[in-house]
Structures are given as C-alpha cells and as structure tokens.
Amino acid sequence: MERQDIEVFLTLAEELHFARTAEPLRLAPASISQTIKKLERRFGAPLFTRTTRRVSTVSGFQEILAATFLRHTGEPVIE
C-alpha cells in the first residue's frame, strides 16, 4: 500500500465526500474513487458505503483503520 493510498483512505474517512477529499490532495474525484476501489479489492471487503448522495464508513471500519495503522507504522492506535 502506498502512502497516497493511505492519505486518500484517511481523508475520505474524515470528509465522507469524494470532491472534498480530492481538493486538499489535489486529485480528481475519479482518482479518489479508483484508489478506494483498489483498496477494497486488496482488503477483499468494502470500506465505504456509497450512494449518489452520500458516503459512509462500513461496520467494522474502526478495526480496519487500526489494523492498517498498525501494519504501516508498527505502532498500535492509542485512544
């Protein structure tokens, strides 16, 4: 997983909006969508639920986020 993939993942999780995610990362919303689809294929499960009007995180999202953080930093998430 590349650093940009993680940035897209975390920014979309915060913004819950593809266009608002794309803006600070200087990417097109279509690139955000492609990156998320790539990550979902890699994890083998959806990370977000999408409709034409909204984006939301899926059940178990916090566990996915914590596992991703641990895998890439070697540090557990401290709450």
Side-chain angles (χ1 to χ4, degrees):
M1 186 179 303
E2 297 178 26
R3 179 185 176 111
Q4 183 175 358
D5 296 344
I6 296 169
E7 289 176 353
V8 167
F9 172 75
L10 294 174
T11 305
L12 183 59
E14 183 177 325
E15 295 292 339
L16 298 176
H17 192 278
F18 282 89
R20 286 195 305 260
T21 296
E23 190 175 310
L25 298 176
R26 298 179 184 228
L27 297 170
S31 295
I32 302 299
S33 182
Q34 291 170 353
T35 298
I36 295 302
K37 286 178 185 176
K38 178 177 73 171
L39 292 174
E40 290 174 330
R41 282 191 306 273
R42 183 174 180 157
F43 280 105
L47 302 173
F48 297 91
T49 301
R50 307 166 194 60
T51 69
T52 56
R53 298 220 174 248
R54 57 183 356 177
V55 177
S56 59
T57 58
V58 296
S59 176
F61 183 81
Q62 294 298 329
E63 291 81 8
I64 294 168
L65 183 59
T68 301
F69 187 82
L70 178 62
R71 185 177 305 124
H72 291 282
T73 65
E75 300 289 327
V77 176
I78 299 172
E79 295 185 28

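Predicted, not measured: the structure shown is a model, and the values here were computed from it.
Scored by the side chain to side chain donor-acceptor pair (under 3.5 Å) test, Q4 finds no partners at all (sequence neighbours excluded). Partners of R3 under the side chain to side chain donor-acceptor pair (under 3.5 Å) rule, at least two apart in sequence or in another chain, are E7. Listed by chain and number, the residues in a salt bridge (charged side-chain N to carboxylate O under 4.0 Å, His left out) with K38 are D5 (sequence neighbours excluded). Every residue two or more places apart in sequence or in another chain was checked for a side chain to side chain donor-acceptor pair (under 3.5 Å) with E23, and none qualifies. Evaluation of the salt bridge (charged side-chain N to carboxylate O under 4.0 Å, His left out) rule for R20 yields E15 as partners, not counting sequence neighbours. For E40, the salt bridge (charged side-chain N to carboxylate O under 4.0 Å, His left out) partners at least two apart in sequence or on another chain are R50.
Residues in residues 5-55 take part in these ring-ring contact (aromatic ring centres under 6.0 Å, His included) pairs, two or more places apart or across chains: F9-F61, F48-F61.
Here the side chains of I36 and V8 are in contact, with some heavy-atom distance below 4.5 Å.
Note that CG of L10 is 10.5 Å distant from OG1 of T21, once rounded to the nearest 0.5 Å. Taken from OG in S33 to CG in L27, the straight-line distance is 12.5 Å, to the nearest 0.5 Å. Atom CG of L12 sits about 9.5 Å away from atom OG1 of T57, to the nearest 0.5 Å. Here the NZ-CG distance, from K37 to L47, works out to 13.0 Å after rounding to the nearest 0.5 Å.
Closest non-hydrogen pair, A22 versus P29, comes out as CB-N, 3.7 Å. Among all heavy-atom pairs drawn from S56 and L16, the shortest one is CA-CD2, 4.1 Å.
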ask   = Given I32 and L25, is the side chain to side chain contact (heavy atoms under 4.5 Å, CB included) satisfied, shown in steps?
value = CA-CA 9 Å; I32 302 299; L25 298 176; 4.2 Å; yes

